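Everything numeric here is computed off the predicted structure, so don't read it as measured data. Every chain is numbered from 1 and lettered A, B, ... according to where its sequence line falls, protein lines coming before strand lines. Note that these values count all heavy atoms, side chains included, but never hydrogens, waters or copies made by symmetry.
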Amino acid sequence: MNEPLLEIRSLSAGYGSATVIQGLDLSVRAHESAVIIGPNGHGKTTLLRAIAGLVRASEGEVRFDGVPINGRSPERIAASGVVLVPQGDGLFPEMSVEDNLLMGAFVSSSWRRRRESLERVYSLFPQVKERARQQARTLSGGERRLAALGRALMRTSKILMIDEPSLGLAPIAIDAVYGAIAELKERETTLLLVEENFSHVRGVADSFHLLEMGTIVRTGSYDELVKDEEIASAYLGSAVES
Amino acid sequence: MAIDSERISRRGFLRGLGAAGAGALVAGGLSGGLAGASEQSRSVRSGRVFKSPRGTPIVIGGGVPVTGSFAGTGLEMRRGMQLAVDKLNSEGGVLGRPLKLSILNTETQQPTVMRSVFQKFVSDKVAAVFAPFTTYSSVEYPIVADAKVPTFHVNTYQGNIDWVKQHGVKNIFQGDPSQIWYGPGVATLMENLISSGAWTPIAKTMAIITSNDPYSLSIAKSFEATMKNKGWGTTMFQEFTIPQSDYTAELVSIRKTPPGVIFFSDYTPGDEAAFIKQFRQAPTKSLVYEQYAPSVPQYLTLAGSAANGVLWSTVVGVLEGTPVSKAFEKEFHRTFHATPGHSNAGDQFDLVQIWARAVEQAGDPYDFTAVSAIVKTTIYRGVCGTYSWPDDYLTCYPYPTYTKFPTLGMPHLTYQIQNGKQVLISPEPFNVGKYETPPWLA
Amino acid sequence: MTDLVGILVTTVILGSIYGLVAIGMTLIYGTLRILDMSQGSMVMIGGFVAWGVLVSAGWSPVLAILFAFAATFLLGTATQLVSVQPLMGRRNSIDFEMITFITTFAVAMILTNVALEVFGPEQRNVTPVISGSVDIYNGVNLPYQSIAMAGVAILFMVGLWAFLGMTRWGMAIRAVAQDLDAARLMGVPVSKLYPVTMGLASSLAGIAGVFLGSLYFAYPSAGNLPLLEALIVVVFGGLGSLSGTVYAAYAIGLIQAVTEIFIGTTWDLPILYGVIIVVLIVRPQGLRGKPSEARL
Amino acid sequence: MTERRALFPDMSPTRWSVAGVVLLALCLFPLAESNQYVLTVFVTSMILAVLNISWNFVLGIAGVWNFGQLAIYALGGYGAGILMLHTSLPAALDVIVGGLMAAAISIVMAVPTLRLFGIYTSLLTFAFAEVVQYVIENTSTGLTGGTFGFPSVRGLYGSLSPVVAMHAYYWTVLGIIVISMVGVALLSRSRLGIGLRAIRDAPGFAAARGVSPLRYRMLAFALSGFLAGVAGALYLSFNQSIAPTVMGLTAMSIDVTMLVIGGLGTLFGPIIGTTIVAVVETLLVSYPGIEFTVVGAVLLVIVIFVPGGVVGLASRVRSRLPTWNARPRPGVMGSGSSPPRPAAALGDGVPALHTSDGQER
């Protein structure tokens, strides 16, 4: 039990000859809700993609559930219980919302229970149920995000990673999305979120990791991190004032 | 595996190996069946004893389409040449020396390919070139003309023999009449049918369907021109690209204005079989003439009873029922497990032997001038009838359109399919049957 | 009126053949982003299998279809593994389409010429799956074979549509076509899916070959014409769009039927190419395709 | 010398001397070889090499997947042929005018390709080539000779004896190869070459820098079309005729194989590729039918395992040590591994096939 669910040691990864992440360490315990914050373009998305196997690590190790998973194909990593809601949702645009959800249950263990999972997701996100027959590309941004979350819930996951849940959404949609995330946290889902600032994630996170220049520079609770003036001024969004 | 010992069929090849292993190089030869067990270097046939050929082989070049749209015809040609070579070798070779066939691929007779093939034959110092199909622009002819190597083709094209005449060439022979004889030949046939009262056309019109390759097109055009001169009109002249299996469009037009005669020119048996089948679903009272493809055995299998009544003709074809043609067909079947087509296997079989005879007479295969001069004066009766080269065009001429003497011309053979069989109906005296009114005209 | 019926009948027959050959190409382009030039060879192989089963062995047409399906499925899978899979690492390169265009073309060259070595160049007659014909209207004649072919083609197109729309693996194929990364995040094993997709598409061409074999015969280069026609159809329909391909197949059939009846059969291919040039200039993504994106 | 170095960055003095010796040997070859077949194969292959140099320019350097080049080549041949047959202009002028006609048609073809990319370009140009072939085959005016092939013409050296004419063609084509190689090298160093590569590799960037795709691409098509047309006119001259079969799938597959085997987008690729395929074909000439199987297999192997062709392989072996680490390991699926960007220089062997779209986040 003392070993973390996800443990990353001196990970380096990037695209071609451009290294984006360099010597990064991170660990997430089971049932923990961890958030990575940091400025744009410093490697947050790359980190999640590297964990999911979409980006190949050039150095270092990613251990999940005690097993090294870097080097495995994304589909194998996915089958072992790592779920990523990618930036931009990654919905299949020409498929109906329901087919999108069903694809979430593609892994054979989940496919058997797809009907129950569908009911569960629909009860969780009634807006998604209303749009079930529509093509995914016709949805609004908020609906899309919820559908992507719903799709992630179609599968039994050990860790759920969400890339910038609030990106590009209207405030009212952000509330809906974070409401859903809060509910996931209630259910003790292991979460790894990426956000650009503290504003929305404050309430849902157990720990924060500050990622700058391709590596984690600070780790701690919200209170610990905002004590630092520099961090506070850089990553406290407008939401804090209100 | 060297190409000169080529057997097309795999079985033939394997048998060749087996026979070679037994020490008797007779596989595929006419004597193979009888002499297979012989351990001596002798072959026996019909009571005659032949010495096995010895010494360095005489190589002849065969330029045939191995790939491309004429590859099927090319196969017939190769087999015809091979059969002749095997026959000659089993009879003691040429001047006692074995004969070797070297095959090169002429693809689609593109100028550059033909020139390379001819250059290679010349630089390989072959004793003769057999290139059934050549270019129509004759651009490769100067190569063999300069080298003087005896060359034989059946391109059936007036332009080629015009070139030979113009340049005073003495060694390039066309082993059949030119395409210009098709029109008159068929037209004469039609006139005879009309004048004898065997056939009365519903109109003096023709519908022509032809594939757009030179071979079919030139024949279709020569037919149309000859008929026009005789006062016939054209209701339709339709070109298409092979293969085409659906003739709905053409038949709609034919049924709208039924022509006196339908002339169909193509070389793929499937296309012509498909046409006659579709035509026979709702025939008009038109005589149907199909070009070349019915000569391929497959045509009858494909068309079945729908083909009954169809007329077709060829300026060079294997005669029916003569002793030589019977032996040829039997041996072809034994060697390749297939029936020879009516033209190109037979003409190549003949031409190789014509050349070999000339060599025997000249006494030296490389005395090209002598060999060609002897070929020029040869009158040879082979499986396709009489080959002779009466003038400087170095081409064969048809009987009866050109010469009235059946022993001096190559019979322009017209067949009618009757009860699923090819019946040679013209010209006399080669014919074995008579024209019968096609079922749909009755 | 006769013209009209003729056009209609020709359209349905031609369209169905084109649809069957082209839909596999669309499936492959949509999923793998490659224009599979070996599809014509699959038609040819289907024809030879039909010849072997129907003529040589004298078995039933159903077996011919089954064997052709199996043979071309395996061959299509193998083609993917040999000529595409090793290149998947270069998938993000803009020239990926071109490289695979060339490699599948190389496979087609090899298959054609191996067939030439094995079977020889002559056309082989394939017994029609069904013989006989029916006179529809005033001399417009329709062989049962054509009706069967159109029927089977439509059956397979509907079957493919159902497979892609309703089954787990069918949905996975569409998912991969629309967003590769997301599909992999769902756990779709693309390294298995790709060969299977190409096998499936090839087997459609193979089945088309069984029917075309009895129309056009089986011979080594029998795949060239269907390949060119399929290319025209997929471009017209918009690369990667299944519904577009089906519409385009019948539209091309119609254009061809009209050309044949009113202009002449020599001109149907050039006119089709002319249409394609115009389509590419006016609407590069084709009838139903989405610009720059391949989606099933 | 410095000027030359800039033109051929790969060339060391040793390499220059090797190239010089090879060129000299090639020049003297026909004097030593009297076998007309061997010379025919040489001249035929060298004419193809001219075509391939022209095609490589538009395909490999401009990066436009043009599959209509054979039609341009044929049109050059037919154009020159029609002039030779129906006018009394000097034959050399006919060849040049044939090239110009081909260039004009090439420009026409270039315009619609601007709106397209990738596979659509190839389909459009391929369709164009098919239409050209059908028109040549079916034209009823008798101008082209239809499927019969073009009527026989005298060609450039029709008045010379066959042996002398063979030598004359040999040297003429060799000279044109040398001129066109120097021309391509100069062009790819020029504004045009740099602009074309910019449009190929980074269209947005190029546009922002004021590189007009229309002007550059039309110029590229014009130049490449001219050379292809001259190659076609040489074909016609040498063979005294031309037929529609110089176009079409079979002919195209052989030429593409030559380019890919040699190394697309490299200076010497077309020459080396043409030579290799010609040698293979010539060796297999006595085994008709097998040549295409072999050529197809070689093509497949080269594209998959030797992505830069022979030229790319050679330069990769040479420069393996310094660049090895920068290269991602090949052969693994995964969208993360982006291929290396092509180096800008021509002739350094890095193939255009490796171009990345660089669309990573």
Side-chain angles (χ1 to χ4, degrees), chain B residues 1-4 6 62-69 71 74-75 78 102-125 134-143 145-147 155 157 159-160 163 211-218 239-241, chain D residues 33-45 47-48 77 81 133-134 137-138 140 145-155 158 161-163 165-166 234-236 238-251 254 278 281-282 284-293:
Chain B
M1 182 178 104
I3 203 68
D4 44 84
E6 216 262 351
V64 299
V66 178
T67 55
S69 50
L75 186 61
R78 259 164 109 171
S102 162
I103 294 284
L104 292 180
N105 185 5
T106 58
E107 297 171 26
T108 44
Q109 289 83 241
Q110 204 196 104
T112 184
V113 175
M114 285 314 298
R115 280 168 48 99
S116 298
V117 165
F118 274 35
Q119 287 282 17
K120 174 132 176 75
F121 281 144
V122 166
S123 63
D124 286 352
K125 303 202 164 24
T134 66
T135 65
Y136 291 93
S137 39
S138 313
V139 290
E140 70 276 47
Y141 285 33
I143 296 164
D146 283 357
N155 211 33
Y157 186 57
N160 293 134
W163 188 93
S211 59
N212 59 354
D213 53 276
Y215 179 82
S216 304
L217 205 52
S218 64
E239 292 176 30
F240 68 93
T241 309
Chain D
E33 177 62 69
S34 60
N35 187 322
Q36 296 295 301
Y37 169 64
V38 174
L39 291 177
T40 304
V41 170
F42 261 81
V43 176
T44 307
S45 308
I47 291 172
L48 269 187
Q133 186 172 357
Y134 276 99
E137 278 176 1
N138 294 312
S140 50
T147 40
F148 285 77
F150 199 76
S152 164
V153 292
R154 285 166 62 82
S161 81
V163 175
M166 182 71 83
L234 288 173
Y235 177 104
L236 169 100
F238 179 62
N239 293 299
Q240 297 179 303
S241 180
I242 190 165
T245 39
V246 300
M247 292 172 273
L249 270 182
T250 314
I254 296 287
E281 279 192 307
T282 310
L284 291 174
V285 78
S286 301
Y287 304 88
I290 295 175
E291 68 263 36
F292 291 108
T293 315

Max heavy-atom pairs within cutoff under 4.5 Å with chain B, candidates D:Ser152, D:Pro151, D:Ser34, goes to D:Ser152
Rounded to the nearest 0.5 Å, the CD atom of D:Glu137 sits from the CG atom of B:Leu217 at a distance of 11.0 Å
dist B:Thr112:OG1 -> D:Gln240:CD (nearest 0.5 Å) comes out at 12.0 Å
Pair count under 4.5 Å, heavy atoms only, with chain D: among B:Ala71, B:Ser123, B:Gly159, highest is B:Ser123
Honestly, the part of D:Phe238 sitting under 4.5 Å from a heavy atom of chain B is both
If one checks every heavy atom of D:Val246 against chain B at 4.5 Å, the contacting part turns out to be both
Under 4.5 Å to a heavy atom of chain B? For D:Thr40 that would be side chain
So, the part of B:Gln109 with a heavy atom under 4.5 Å from chain D: the answer is neither
Okay, B:Val139 and chain D: the region with an atom under 4.5 Å from a heavy atom over there is both
When the 4.5 angstrom heavy-atom criterion is applied to B:Ser116 and chain D, the contacting part is both
Whatever's closer than 4.5 Å to a heavy atom in chain D on B:Glu107 counts as side chain
State whether the side chain of D:Tyr37 and the backbone N or O of B:Phe118 hold a donor-acceptor pair below 3.5 Å, judged by distance alone. no
In short, salt bridge (charged side-chain N to carboxylate O under 4.0 Å, His left out) pairs touching residues 114-123 of chain B with sequence neighbours left out are B:Lys120-B:Asp124
Test item: D:Pro162 and B:Asp146 side chains (from C-beta on) under 4.5 Å apart, heavy atoms:
yes
CD of D:Glu291 to CG of B:Asn105, rounded to nearest 0.5 Å, is 5.5 Å
By ring pair (Phe, Tyr, Trp, His ring centres under 6.0 Å), B:Phe121 pairs with (sequence neighbours left out) none
Whatever's closer than 4.5 Å to a heavy atom in chain B on D:Ile242 counts as backbone
Item to complete: Show the numbers, then the answer: is there a side chain to side chain contact (heavy atoms under 4.5 Å, CB included) between D:Asn239 and B:Met114?
Response: CA-CA 9 Å; D:Asn239 293 299; B:Met114 285 314 298; over 6 Å; no
